[in-house]
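Right, one structure below, let's go through it.
Order of the sequence lines sets the chain letters (A, B, ...), proteins ahead of strands, with each chain counted from 1. Note: hydrogens, waters and symmetry copies are ignored here, and every other heavy atom, side chains too, is used.
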Number of protein chains: 2
Amino acid sequence: MATIQDVAKRAQVGVATVSRVLNDSGYVKAETKEKIQRAIKELNYTPNAVARNLYHRKTGIAALLVPEISHPYFAEFIDAAETALYSYGYQCMICNTWREQNYEAHYLELLKQQRVDGIITGVHTLDIDRYRLIDRPIVALDRQLGDNIPCVAVNHEKGGRMAAEALIRSGCRKVLQVTGQSHVSTPSNRRHEIFEQVMHENGIECINYISKWNRFSYTDFRDAALEIAEKYTDIDGFFATDMTAAALIHTLYEKGRRCPQDFSVVAYDGTYVSSLPYPSLTTIVQPVSELASSCVDLLMKLVRGEKPETMNIRLDVEYRQGSSTL
Amino acid sequence: MATIQDVAKRAQVGVATVSRVLNDSGYVKAETKEKIQRAIKELNYTPNAVARNLYHRKTGIAALLVPEISHPYFAEFIDAAETALYSYGYQCMICNTWREQNYEAHYLELLKQQRVDGIITGVHTLDIDRYRLIDRPIVALDRQLGDNIPCVAVNHEKGGRMAAEALIRSGCRKVLQVTGQSHVSTPSNRRHEIFEQVMHENGIECINYISKWNRFSYTDFRDAALEIAEKYTDIDGFFATDMTAAALIHTLYEKGRRCPQDFSVVAYDGTYVSSLPYPSLTTIVQPVSELASSCVDLLMKLVRGEKPETMNIRLDVEYRQGSSTL
DNA sequence: CCGTTATATGGAACCCATGCCATATGAAAA
DNA sequence: TTTTCATATGGCATGGGTTCCATATAACGG
C-alpha cells in the first residue's frame with residue numbers, strides 16, 4: 001500500500017506538507033493542496049492508522065469481554081455498546097471468553113499488548129488481581145472488581161423482590177429458582193438471595209436449583225427443565241432467566257401441566273426471548289441498552305482521564321407483565 | 001507504560017537483546033536472559049503490539065461487518081467466527097452497519113485505515129465498486145461482490161425448494177412468503193424465487209409479502225403479522241424467517257387460528273429461536289457455525305496470500321421437522 | 001598457536017505517520 | 001528601506017518495536 005512518502009514524492013513536496021493536507025492543519029497553498037490530493041487519489045492512498053496510533057499513543061479501539069456472544073442478553077449488550085462506541089468515534093473489539101479463566105486471562109494480555117484504549121468486561125471467572133496489572137481504563141458490567149474499577153449493574157435486589165412478589169401474587173405455595181454456578185459474588189447473584197429471603201418471609205418454601213450448563217444451548221436448558229420436571233412435581237412457581245423459563249414452560253406443557261393455570265413463571269432479563277414462548281413471559285426487564293451506553297459513557301470518561309462521579313452505577317429494573325403469571 | 005528501552009536500561013543491555021528475549025530468537029546468555037526477565041516483571045512491561053504491527057505490516061485483527069449484532073442469525077455467526085479467528089490467533093472487530101450505506105462505507109474506510117488483515121462482510125447495502133478500492137482480503141457472506149471476492153453461502157435453492165415441499169406436504173392451498181426488501185440480488189434471495197416457482201409448478205397460489213422493517217424488533221414483526229392476518233384471511237401456509245414465523249403463529253393464535261391445524265408454517269434460518277414458540281417451528285436450518293468457520297478459513301488463506309480453490313462455497317441446508325407443519 | 005565457528009551483544013536503519021523547528025518568500029507596517 | 005508578520009514548505013526527531021549487520025569473545029579442530 002502507498003505511504004505518505006509515496007504521495008510526497010508523486011506530488012513533489014515534503015511529507016510534512018502532505019501531513020498538513022491530511023490533517024487540514026497549518027498553511028498549504030491551494031495549488032499545492034490540489035497537487036497532493038490528486039496524488040492521493042491516483043495512488044489510492046489511505047493513511048496508516050497503525051503509525052498514527054503509535055505516535056499518538058492511542059488506538060481508538062475499545063474491547064468488550066463477554067462470556068458468550070450469541071446469548072441474547074450479551075448480543076443485545078454488544079449491539080448497544082457498539083453503537084454507543086461508534087458515536088464516540090471508537091471501534092469495537094469483541095472477546096468471547098466462554099466462561100473460562102484461560103481465555104479471559106489470555107485476552108486481557110492480548111488487549112494490553114494491542115493497547116486498546118479501554119475495556120468493558122462482562123465476565124466473571126478470573127481473579128480480581130489479574131485486572132490490577134492491566135493498566136488501561138476498565139469498566140465492569142455486573143461485577144465488583146476492586147475499588148478503582150467502576151461497576152455498572154441494575155438494581156438486582158429490586159429485581160429479585162419483584163420476581164418473588166409476582167409469584168406470591170400469582171398464588172404460588174412452593175417455588176424453585178434456577179441460579180448460576182458462579183463462584184464469585186456478583187451483584188446479579190443478589191437477586192437470588194433476596195428472592196429466597198422474600199419467600200421465607202412469606203412462609204413459602206424455596207428450592208434453589210443450581211444450573212450445570214456453561215454454554216447457552218437450548219438443549220441444555222431442556223435437559224435441566226426435564227430434570228426439574230421429574231424431580232420436583234409439586235412446584236407451582238418458577239424463577240429463571242428468559243431462556244430457561246421458556247424451556248420450563250414447554251417441557252412442563254408436554255408433561256400435561258399448563259402455565260399459568262397449573263404453575264406460574266417469572267423470568268429475568270427481558271430480552272426478546274421473553275415474547276417468543278406461549279404463554280409470553282412475565283419478566284423482570286434489565287435495560288440492556290442503557291447498561292451498555294452507561295458502560296461506554298463511563299469508559300470514555302476514563303479514557304479522557306476524567307474521574308467518574310460514582311464508582312457504582314445502578315439502573316432500575318422494570319416489571320413486565322406477561323401471561324405466565326396470574 | 002514501560003517501553004523496551006526502559007527494560008534495556010534497567011537490565012543494562014541493548015534493546016536488541018531484550019527483543020531477542022521477547023521473541024525467543026537468536027543467542028542470549030542464560031544469565032542475561034534472567035536479568036531481562038526480572039526487569040520486565042519489575043516494570044510490568046508488555047510489548048507494544050502497535051509498534052510491532054507497524055513494523056510487520058500486519059495487525060492480527062480481522063473485522064466482521066454485520067447489519068445487526070443482536071439478530072440471532074448474526075449473533076450466532078459472530079460467535080462462531082470469533083471462536084474460529086481466535087484459533088488462528090486473530091482478534092475480532094465488529095462493525096454494525098444497520099443496513100445503511102453510510103455506516104458501511106464509513107466502516108470500510110476505517111478498516112482500511114486501521115489496516116485490519118481481513119474483512120468478512122455480511123452486509124448488502126453498498127455498491128460493489130466500493131469494495132474494489134479496499135485492497136485487503138475480503139470474504140463475503142451471502143453476497144457476490146465481483147469476481148475476486150469469494151462468496152460463502154448455503155444452498156438457498158435447495159432451502160427454498162424444501163420449504164415449498166414441506167408446505168405442500170402439509171396440504172396448503174394458498175401460501176404467503178415474507179421476503180426482504182433487498183435491492184441487490186443476493187444468493188439468499190434465490191430461495192424466494194424457487195419457492196414461488198415450486199408453488200406455481202404445483203398450481204398453488206403464492207403471495208409475496210415484502211417486509212418493511214429494517215430493524216430486528218419483535219414489535220415490528222408483530223405489526224407485520226397483524227397486517228398479514230387482517231389482509232390475508234385465507235392463507236393456510238407461511239414461509240418466513242424464524243422470528244417472523246414465531247410472530248405469525250402467536251398473532252394468528254390470538255385471532256383464533258391454530259397451527260398446524262388451521263395453517264402451517266415453515267421457517268428459515270434455524271437459530272435457537274425456532275425452538276421457542278409453541279408449536280415449535282419446522283425450519284430450514286442454515287449451518288451458521290460452519291458458514292462462519294468457512295468464512296474464517298477462507299479469509300486466513302487469503303491473508304496468507306494463498307489462492308482459494310473456489311470462489312463460491314455452498315454449504316448444505318438441513319430440514320428440521322417441528323410441529324408447525326403436518 | 002591460529003583460523004574457524006558458535007555464542008553473545010549492541011548500533012542503527014526501518015516500519016509510517018506527526019509536529020516542532022528552521023528556513024524562505026511576499027506583503028504590510030514603520 | 002528596513003522591520004515585522006502572515007504564508008508556505010521541508011528536515012528531522014519521535015513513537016516503540018524488529019532485524020540486519022558489525023563486532024567481540026570463547027571454544028574447537030588442526
N or O in side chain of A/S25 less than 4.0 angstrom from C/dG19 OP1/OP2: no

Selected nucleotide, minimal atom distance to B/Y55 side chain, candidates D/dG17, D/dG10, C/dC16: D/dG17

Contact under 4.0 Å: A/N48 side-chain N or O vs C/dC15 OP1/OP2: no

Separation of atom NZ in B/K33 from atom P in C/dT9, rounded to whole Å: 12 Å

Whole angstrom value for the distance that separates P of D/dG17 from CD of A/Q114: 13 Å

Short side-chain N/O contact from B/S19 to OP1 or OP2 of D/dT18, under 4.0 Å: yes

Aromatic plane relationship, A/H106 with B/Y86 - under 30° parallel, 30 to 60° tilted, over 60° perpendicular: perpendicular

Euclidean distance, atom CG of residue B/N23 to atom P of D/dT18 [Å, nearest integer]: 4 Å

Proximal nucleotide (of D/dG17, C/dA6, D/dA8) relative to the A/R115 side chain: D/dG17

A/T32 side-chain N/O to D/dA8 phosphate OP1/OP2 under 4.0 Å: no

DNA chain D: 5'-proximal contact among B/T17 and B/L54 (nearest heavy atom): B/L54

Contact nearer the 5' end of DNA chain C, comparing B/A51 with B/Q12: B/Q12

B/E68 and B/R99 ion-paired at < 4.0 Å: yes

Sugar-phosphate only, base, or nothing, as touched by A/V50 at under 4.0 Å among non-hydrogen atoms: nothing

Parallel, tilted or perpendicular: rings of A/Y73 and A/F77 (30°, 60°): parallel

Value in whole Å for how far the P atom of D/dT18 lies from CZ of B/R57: 15 Å

Distance-only donor-acceptor test, B/R20 side-chain atoms vs C/dG10 base atoms, 3.5 Å: yes

Considering all heavy atoms, the nearest B/V66-B/F74 contact: CG1-CD2, 3.8 Å

Out of C/dA12, C/dC16, D/dG17, whichever nucleotide has its closest atom nearest the side chain of B/Q5: D/dG17

Nearest-nucleotide pick for B/A16, side chain only, options being D/dT19, C/dA17, C/dT9: D/dT19

Whole angstrom value for the distance that separates P of D/dT18 from NZ of B/K58: 13 Å

Nearest-neighbour nucleotide for the B/P47 side chain, C/dA8, D/dG17, C/dT18 considered: D/dG17

Pair B/D127 + B/R130, salt bridge at N-O below 4.0 Å: no

Gap between atoms CG and P, on B/D6 and D/dT14 respectively (whole Å): 15 Å

Interatomic distance where CD1 belongs to A/I4 and P belongs to D/dT14 [whole Å]: 19 Å

N/O (side chain, A/Y27) to phosphate O (OP1/OP2, C/dT23) under 4.0 Å: no

Short side-chain N/O contact from B/H56 to OP1 or OP2 of D/dT19, under 4.0 Å: yes

Between C1' of C/dT7 and CD of B/E31, the distance in whole Å: 14 Å

Side chains of A/E104 and A/W98 in contact at under 4.5 Å (non-hydrogen atoms): no

